[in-house]
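Heavy atoms only: backbone and side chains are in, while hydrogens, waters and symmetry mates are out.
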Amino acid sequence: MVGNAYSYKCGNCACEVYFNQGHGYLVKPQTYSEYLTSNHKLFHYEIRNKIASLGEIHLGLVIDAIFQVYKCPKCNLLHNKVQVTLSDGERLLHTNRFKCSRCRSLLKLTNIHRLKRATCPACGKATFRRQKLGSLL
């Protein structure tokens, strides 16, 4: 599976955080039966419960999991999350949503490829700048 890794470093306090975007070894599209046989607890308990309840109703449940980077529209902080989309193969049944850990605003999916700066999670200044690391295998 292929994804991208990004490093953001603060010009003020030297805080550095790494973000992943894309599929990984365990975070990837899979069927409900593949998910059950893997025995990995990859997701938050609420999404695991949602997967279990929809898996009982929809035998062909497809779980599409991918690393995504979200940005808070209020405080401009970046968050690395695993977005999980559940479908029956034809129609969307559920997708998870996230709130900012600092201000509780609903996070927005960001285009990390174009985002050059954000707010530093350590010092709170807008000096958090992106440095692309490259592709991951």
Notebook entry, point to check: Taking the side chain as C-beta and beyond, is there a heavy-atom pair between K99 and S105 under 4.5 Å?
Noted result: no
Next item on the list: Sorted by first residue and then second, give each salt bridge (Lys or Arg N to Asp or Glu O under 4.0 Å) pair with at least one member in residues 100-128; sequence neighbours left out.
Entry: none
Check: Quick one: side chain to side chain contact (heavy atoms under 4.5 Å, CB included) partners of T85, sequence neighbours excluded?
Finding: D64, Q83, L92, T95
Notebook entry, point to check: Taking all non-hydrogen atoms of both residues, which atom of A14 and which atom of K9 are closest, and how far apart?
Noted result: O-CE, 4.2 Å
Check: Should S7 and R130 be marked as a side-chain contact (heavy atoms from CB on, under 4.5 Å) after you check the CA-CA gap, both sets of side-chain angles, and the distance that decides it?
Finding: CA-CA 6 Å; S7 170; R130 175 177 57 99; over 6 Å; no
Next item on the list: Please go through I66's hydrophobic cluster and name the other residues, only I, L, V, M, F, W, Y counting, with side-chain heavy atoms under 4.5 Å joining them.
Entry: none
Notebook entry, point to check: Taking all non-hydrogen atoms of both residues, which atom of C100 and which atom of C103 are closest, and how far apart?
Noted result: SG-N, 3.6 Å
Next item on the list: Mind checking side chain to side chain donor-acceptor pair (under 3.5 Å) for Q21 and listing every partner two or more places apart, or none if nothing turns up?
Entry: Q68, H113
Check: Taking N20 for the side chain and A5 for the main chain, is one N or O donor matched with an acceptor at less than 3.5 Å?
Finding: no
Item checked: Residue pairs involving residues 65-83 (criterion salt bridge (Lys or Arg N to Asp or Glu O under 4.0 Å); sequence neighbours excluded) -> none
Note to self: Hydrophobic cluster membership, with links at side-chain heavy-atom distances under 4.5 Å among I/L/V/M/F/W/Y: are L42 and I47 in one?
What the structure shows: yes
Next item on the list: For Y6 and Y18, run ring pair (Phe, Tyr, Trp, His ring centres under 6.0 Å): C-alpha distance rounded to whole Å, both residues' side-chain angles, the deciding distance at 0.1 Å, then the answer.
Entry: CA-CA 6 Å; Y6 296 89; Y18 295 91; over 10 Å; no
Check: Hey, what do you get for CD1 (I51) to NE2 (H94), rounding to the nearest 0.5 Å?
Finding: 8.5 Å
Check: Mind checking what makes side chain to side chain contact (heavy atoms under 4.5 Å, CB included) contact with V82, not counting sequence neighbours?
Finding: V27, F43, A65, F67, V84
Checklist line | Closest contact, heavy atoms only, L115 versus Y8 | finding: O-OH, 2.7 Å
Item checked: Gap between atom CG of L36 and atom OG1 of T31 - 0.5 Å precision -> 8.5 Å
Next item on the list: Answer whether the closest heavy-atom distance between the side chains of C10 and C123 falls below 4.5 Å.
Entry: yes
Checklist line | N/O donor-acceptor pair under 3.5 Å between S87 side chain and E90 backbone | finding: no
Check: Do you know which two heavy atoms are closest between C15 and F128, and how far apart they sit?
Finding: O-CE1, 3.7 Å
Checklist line | For L93, side chain to side chain contact (heavy atoms under 4.5 Å, CB included) partners two or more places apart | finding: L54, H58, L61, D88, R91
Note to self: So, using side chain to side chain donor-acceptor pair (under 3.5 Å) as the criterion, who are the partners of S53 when residues are at least two apart?
What the structure shows: none
Item checked: Which residues share a side chain to side chain contact (heavy atoms under 4.5 Å, CB included) with T119, sequence neighbours left out -> N76, L77
Item checked: P121 side chain near V17 side chain, heavy-atom distance below 4.5 Å -> yes
Notebook entry, point to check: Taking the hydrophobic residues Ile, Leu, Val, Met, Phe, Trp and Tyr, and joining any pair whose side-chain heavy atoms are under 4.5 Å apart, which ones share a cluster with L109?
Noted result: Y70, F98, L107
Next item on the list: Using the rule that two of Ile, Leu, Val, Met, Phe, Trp, Tyr join whenever any of their side-chain heavy atoms come within less than 4.5 Å, decide whether L106 and L78 are in one cluster.
Entry: no
